[in-house]
Every structure is written in structure tokens, then in C-alpha cells.
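Read the structure below first, then the notes.
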Amino acid sequence: MCTRAVFYFIVDIMNTKISESMPKAFDSNIKEKEMIKIWDDSGYFKPENVESYLKKEGLDIKDNFTITLPPPNANGDLHLGHTCGYSFQDLMGRFNRMTGHPTLLLPGKDHAGIQTEAVFTKILEKQGESKWDLGREEFYKRCYEFCMEKAANARAQEKAIGLSADFEREMFTLDPRLNKIVYETFYNLFEKKDENGRGLIYRDKRIINQCPYCRTALADIDTEHEEMRGIFAYIIYPFVDEADKKLAKEKLGQEGIVVATTRPETMLGDTAVAVNPKDERYKEFVGKKVMLPIANREIPIITDRKIDIETGTGALKVTPAHSPIDFEIAKRNKLEAINVINEDGKMSGDIPERFLGMDTVDCSKALVAELKDLGLLVKIENIKHSVTVCERCKTPIQPIISHQWFLNVEPFAKAALEELKKGNTKIMPAGQQRALEFFLKNIEPWCISRQLWWGQRIPVWYSGGKKLYDWLMDNPKKTPADYEKETGIKAIGTGKIFMGETMPTSDPDWKGNESDLLIEAETDMFDTWFSSGQWPYSTLKALFPNEKDFNKYYPTQVMETARDILFFWVARMMMLGKYVTGKTPFKDVFLHGLVFATDGTKMSKSKGNVVLPAGIIEKYGADALRLWYYISALPGSNVSVDEEKIKGNRFFINKIWNASRFVLMNIEEELDEVIKSEKDIKETKKIKEAKKELKKISNYIVKYQFNLAAENIREFFWHTYCDKWIEETKAEIAELKVGDKKRIEKLSELIYILKLSLKIMHPMIPFITESVWQELKTVGLAKGDLLIQQIEE
RNA sequence: GGGCGGCUAGCUCAGCUGGUUAGAGCACUACAAUGACACUGUAGGGGUCACAGGUUCGAGUCCUGUGUCGCCCACCA
């Protein structure tokens, strides 16, 4: 007993150095910050430096590896979904950097038009300010500052998860260099005509989704459907002719035709009643006229194949201006569209004065009351139905007819589909590829203009004003002179448009007085996805304007993002990327699982179930969180935050630390011999097996099977290296004297395998592995920084 | 209405192109007094792989159908 105690006392003294720099528990909070500094200083987040390193070492330089990282919205904190993406992107980036590829992970921030405008407007309101008081310019300036501040915050969090991105090259979607490229795309697509002679980008008047709260037009994809309670009102539209009335009374039980609607207020804009041509009930009434109650307008009964005989009464009131289906029916039947709801969701237009300015719901109630008094209301049913709402603020959408800018996505979608079919771009999981194909096959024109203040202004100028241009578009064969005659407004311009960032000083076709000429700026902004949809080539073109350099980075290898923006973003990047550059922007698309709250529901501030990555990292360390993503957030899955599992991973991280600590503590006093012996190490049985296992891990990484890579490395390192090999070695060297040749061999073997393992683990868990590597470096057992070490293949 | 995915141990989930007694983490049981680590080690219990057919020498894995839960898309007024 006594001798034992003395022995360990001596060991303690000898190990003081190690014990000091390597405490029993791995302190992730301290070490992670140190490693971030080491990596920053190393310069290896830059592909050029990786390339010169490889050259210097006389190693093969393989193809560049590039990911243009999905830019998070620069208006808040990063959530667990963002850090999930970064974990996967960084794993791929680090692995490629360590296997001979000059690697660029290009970070960015998204101005996120409508969302940021909403967020910042709310912040202003809280401070007692209003965006309307600030005005456009001041609002833009303040919002820009706000985004820059938030971007810095996000950047710090990106570093905290270990992201090895080239931060000096970070891009903001409103960067002037990017704006230039986005504008060029716009000009080119405006000039390019489709087979009907129309520009691929064009201004059009059609039915769009108007959010009355955000006061802007939205693309179809920017809307959601929500189950809401509503009414289904059955209203009688009496026939005009007495004979028809009589016949109707006989056949239909009323002196009119009964229509059923969930939105009675739209009846003021009705221009027909449509029935199915095969509907026997209404056959003899087709072509007859009914009197639209309250509005007192005569409208015809028409037929349309799309009408469902079973729904409601089988007779549909047609409001072309405020219903997408009705808009289509009107087009087919050449019906007039009457606008009765304006951009703010209020009743307007040519309607009885008492309804003007009313909210649609109030108007609906008022109309129902009047119809009841007139005896024209059959009944009201209370129903639940799905209502289209704004994706941002959940306000019900008002379909209205409006002049907007559109992109004819059809040729783009065709090109993107082709790339998918050829396998030039592959989506993982495969099920999502079919979803994307379906989406691309059924795509509608994309409304790219938004009535916002935050974003890129559509670079268009109207000679004579926007109103004149739109009027001429609606009246194709007419002239500005006709415009003056018919509207009574003077036409002070030619009705032409000019493209460009700066205002044109003159219009060569303008015959009038130069000083009279009105040139009006387009005030609409681009949909935020119009710029982010160009992300891979816009960022790389901006950074590498020289074509030779650009081709080194583009097309990129992988797009790694979340499933929920497959249509919003991935589809747009594929369409625009292929069309503009001729090449699909990425070979593989890896869609990680969605991260949900502990209870399996979506995280939201209002529910109070938001878990932020910063808290998890502080508690368990970034490596533990990363490992959890790799094992849990598989493509196609939904994953709920599970702290127990993250905690379990932290135990593993600590295990790596202590195994390394053990090896280092034991070899301190015979270091030189170990270093010497390690140089011409024999391929022992353990080394052979380790190499086989580690090769398996890198194969998993190459095949995107990150869960298997993470699970297997954990299994190997913990249960083979630690539990078996270290324990065996312990027993083997127990009786050997310090400096014994066999002892040195055994310890060298352990160190050798440890280093191999650290390399292969580094892409997944960079902090612990680099921390250990740095310890090895200080005693001379390793050279350089781990992040640039090359994995043998 | 269309499409996609899940259903495997008490819980959360792995299981690539079909191949020996189906795995992990957590939880559970018993043991180990602790000099790398208790954020530990050793051993163990626990599963008719949703159901029904089929293909095959062989199916958790492939095919067909059913049930069930969930997600996405869609113009039922």
C-alpha cells in the first residue's frame, strides 16, 4: 500500500505539466473560443491558402469544393435550424479541405424583404415610431443599420458552431456588387422574348394575392391555407324576364337562381352566374339574364366545364376581380372584371355609396342583412373552410386584379426539369425530388414585384408615369392622345419605359417641351427570392469577375438546406442558375431534417417553446450539438430537440479528451523515443483494423450517410479504442519499465491510432479534435493545425 | 382531390444496392471503490420489424393491397 502511494505520488509530479494543460473535464466554453482563434489565424478558411498549402507539401490539388451557404435572414438570432445547416455544410467543407480540395464555404446574409420590413416595422412601433413618419429613405437607412447589426450577431453564432467559412468574403443580398448582377439579369430577361413575342419578364394585369396588412402583392407560394370558420350564404338572383321568373318558380322553387358563396361582399363585382353545361337543372336557363341584387345590374347565366355540379347549388356567382377561379372563367368567357375591393382590403369602386370604404367582413354582414330584408336570402350555413392567408402575418389574402411585374417561369422550369432528369442535379431524399418535379411541371407565372420599401428597387422608369404605361397596356391599340381624351389626364410622356439604376434625363421620342416631361420611378421592390434565387452565381460572379476564376468555383458541388425552402429557394436557384449561366448551380442537394421543439411542434415565439443554439452550445458544447444533428436530423425526417441525447454526445466528447489525456500522461517522460518510433511505425493488427474502420467512416461521409459516420466513429473510438485497446495496452505495459522498447512501441501505436482518429473525426467534431491536436503539437507529437491535415485515402 | 413520408426494444430512432442469432442512445437490472474518464467500466433483460398477400433458396429491406399518423401541394365557390 505504502509503496503504491509513493509510486503514484511520483507519477503525479511527473504528470504535472499535462494535468495543468489538460484538466479532467473538457471545458468546451474555453477551448472552443481558443480554437476559433487558431482557425481564424491559420487562414485556411480561404481556398487559395489551402491550395498553396497543398502545393508546398507536394500534394495533389484536386478540384475546388464550393458551397454558397444559405444566407440566414439578417433580422434576428440564429435558430437551431440554421446551426443544423451549418453543421452539415461545415462537415462537408472540412472533409473536402482535408482531402485535397481547395474549399470555399461562402457565407452570406439575406435582406429578406417582406419579413425584415415586418420585423423592423414592429420594432419601430415598439419605440413609438412609425415607418410612415420616417418615410422611405430614412426607413431604408435605419433598416440597413439594423440588418448590419443583426448580421454581426449572426456571424458570431456561425463561428460558435464551428463554421469554417471565408468570413472576409461574406455577402449581403443588398451588396452593390450583387445588385448589379441582379439588375443585369432583370434587363436581360426583359429583353429576351418567348415564342409569343413577350419578354420573359413583363408587366401584366392579372389576379394576384394581395395582403391587406402588408399592403403588397404576393406570389402564390408566399401564401398558406388555414382552416377557418366561415359562412356559406345561399342568395337568390332573380331573373329579369317575367317568363323566366315563372319557369324558375316552377322548376327551381324560386323566381331566380340560387348561388352559394362564402364571401357575399364580392357579389357587388359579379359579372355572371356560371353552371356546368351538363347540369340538367339549369339547362333551359343558360343565356338568360338575372338581376344582380343591390348592385342592380343585369348579368348572364353562362356555362363552364370547371363548375362542380355537387358543390353548393351548382350555380357559381362569377367575380372575376376577386377570385382566381372566376378570373379564369371570365377569361374563357370574355367577361368583364369589376374591382370592388382595393389594396387595403376595403370596399371600393363602382358600388353603392353606403358600402364604400367598408371592411370586407362588415360589408358581408351588411349585405346579408339587406338581402334578408329583400327576401333574397335562402339560408346561411356555418362552415369550416380553408382560407388563403399571408405566409408572414396570417392575414387572409384578398385576390385582386393588379398591375405587377411577372417572370414567365415556364421555360426556366423546363430547363430545370431537364437537369433533374439528366441527373445533373440530384435531390436527397429522393422523395423530395419527385415533389420538386411536380412543382416545376405545374408552375404559374411568378409575381416578382412587391409594394415594399425594403429591398432592391425594380430598376424601371416610366415616361409619362406608371399610370399611362399601364393604361396603354390595358388598351393595346391606343395612344397617349387617346389616354388624354378618355381619362382627362394630360399625358406628359410617351408611355415608354427605360431600364437602369439611374433616372434617364430625357426621352428621345418625346416631342413636347423637355421641361414638361415626366419620368417616374418604379417604386416596387423585387421579391426577395428574385435576388436570393441567383445566389450561387451572383455571389461567385461578384467575387470572381474573371471568367477563369469563376469557373473554378461555379457550378458548386452541393446545396445543403432545409426541406421547407425547396420550392421557395432551391427551385428558383435551379431555374435562374441554369438559364443565366447555362449550368445547373449545384450537383447535389442535401435537405436536412426539420428541427422542432421538444414537444414535436414548430418552434415559435408565441408558443414560448423556442430553444436557441447559443444556450445549447454553452451547456453541452458545439461538438455535442453537431453530433446530434448528424445522427438525428436525417434528410426527410423531422426531429425534436432532445437534450438527453445532446448530453450523451457531450459524454463522448469528454471521453475523447480523457483518452488523449491518458496517452499523453503516460508518454511524457519518453517522448523523444515515441516521436522517433512513430515515424517508421509498423502496420500492427490494431493499426490495420483502425485504418479499415476509419476508411469506412470516410466512405459514409462521401456518400452523405452522415448518421452512419457519426454513429460508427462513436462506436469505434469509445468501445474499441478506449474500452478494448487502451485497456489492453494498460495491462501490457503495466509491468514494463519506463523506456522499455516494447512499452514505447505500444504507446506509439496508441498515439498513431489516436491521430488517425482525430483526423477523421475532425470534420464532425472540430473543437475537441483540434484541442487535442494542439496538445499533441505542444509536446512535439503533431505538426501544424488539424483543420488542414490531409486524410489518407 | 393529388403527391410524399413514418409505423422496428419502455421512450427516441438507426438499419446503404435483400444474406449469418435485428442494432444504437436513453431508461431498466446486477456487479465493479475509482490513478485517463463516474461526463466510468463489465455483464444482462427487453422486439411475431403496423397488418394481409406476393416475388425469392432467403424479406425489416423488393412488389401489391389495407389500416393508421404526419407533412406538402391544390381554384370546391
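All figures in this text were calculated on a predicted structure; none of them were measured in a lab. By convention in this document, chain letters (A, B, ...) are assigned in the order of the sequence lines, proteins followed by strands, and residues within each chain are numbered from 1.
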Using only heavy-atom distances, determine whether the side chains of [X] and [Y] contain a donor-acceptor pair under 3.5 Å.
{"X": "A:Lys317", "Y": "A:Thr319", "result": "yes"}
{"X": "A:Asn649", "Y": "A:Asp623", "result": "no"}
{"X": "A:Asp270", "Y": "A:Tyr237", "result": "yes"}
{"X": "A:Glu560", "Y": "A:His592", "result": "yes"}

What's the [atom1]-[atom2] distance between [X] and [N], to the nearest Å?
{"X": "A:Leu566", "N": "B:rC4", "atom1": "CG", "atom2": "C1'", "answer": "12 Å"}
{"X": "A:Asn658", "N": "B:rG41", "atom1": "CG", "atom2": "P", "answer": "11 Å"}
{"X": "A:Lys24", "N": "B:rC39", "atom1": "NZ", "atom2": "P", "answer": "11 Å"}

Give each protein N/O atom lying under 3.5 Å from an N/O atom of nucleotides 23-31 of chain B, with the pair distance.
none

Inset, instruction - Using a cut-off of strictly less than 4.0 Å, decide whether A:Asn654 has a side-chain nitrogen or oxygen near OP1 or OP2 of B:rA38. - result: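 Answer no for this pair, as no side-chain N or O of A:Asn654 is under 4.0 Å from OP1 or OP2.
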Inset, instruction - Look at the side-chain N and O atoms of A:Lys655 and state whether any lies under 4.0 Å from the OP1 or OP2 oxygen of B:rC39. - result: no
Inset, instruction - Please work out if A:Arg650 contacts a base, only the sugar-phosphate, or nothing of the nucleic acid, heavy-atom cut-off 4.0 Å. - result: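 Result for A:Arg650 = base.
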Across all strands, who's sitting opposite [N] as a Watson-Crick or G-U wobble pair, both distances under 3.5 Å?
{"N": "B:rG35", "answer": "none"}
{"N": "B:rC28", "answer": "B:rG44"}
{"N": "B:rG53", "answer": "B:rC63"}
{"N": "B:rU68", "answer": "B:rG6"}

Legend entry - Pairs meeting criterion salt bridge (Lys or Arg N to Asp or Glu O under 4.0 Å) with involvement of residues 703-720 of chain A, two or more places apart: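 Counting only pairs at least two positions apart or across chains, no salt bridge (Lys or Arg N to Asp or Glu O under 4.0 Å) contact touches residues 703-720 of chain A.
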Protein-nucleic acid N or O pairs under 3.5 Å, nucleotides 67-77 of chain B:
{"unit_1": "B:rC76", "atom_1": "O2", "unit_2": "A:Thr311", "atom_2": "OG1", "d": "2.1"}
{"unit_1": "B:rA77", "atom_1": "N6", "unit_2": "A:Asp308", "atom_2": "O", "d": "2.5"}
{"unit_1": "B:rA77", "atom_1": "N6", "unit_2": "A:Thr311", "atom_2": "O", "d": "3.3"}
{"unit_1": "B:rA77", "atom_1": "N1", "unit_2": "A:Asp308", "atom_2": "N", "d": "3.3"}

Legend entry - Check: A:Val368 and A:Ile235 side chains under 4.5 Å, non-hydrogen atoms: no
Inset, instruction - Taking the side chain as every heavy atom from C-beta outward, state whether A:Phe95 and A:Val702 have any atom pair closer than 4.5 Å. - result: yes
Legend entry - Approximate separation, where rounding is to 0.5 Å, of A:Glu310 CD and A:Asn276 CG: 10.0 Å
Legend entry - A:Glu643/A:Lys619 under salt bridge (charged side-chain N to carboxylate O under 4.0 Å, His left out): CA gap, chis, key distance, verdict: CA-CA 10 Å; A:Glu643 284 205 35; A:Lys619 235 163 138 183; 3.1 Å; yes
Legend entry - Earlier contact from the 5' end, RNA chain B, for A:Ser640 and A:Ala659: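 Taking each residue's closest nucleotide, the earlier one in sequence belongs to A:Ser640.
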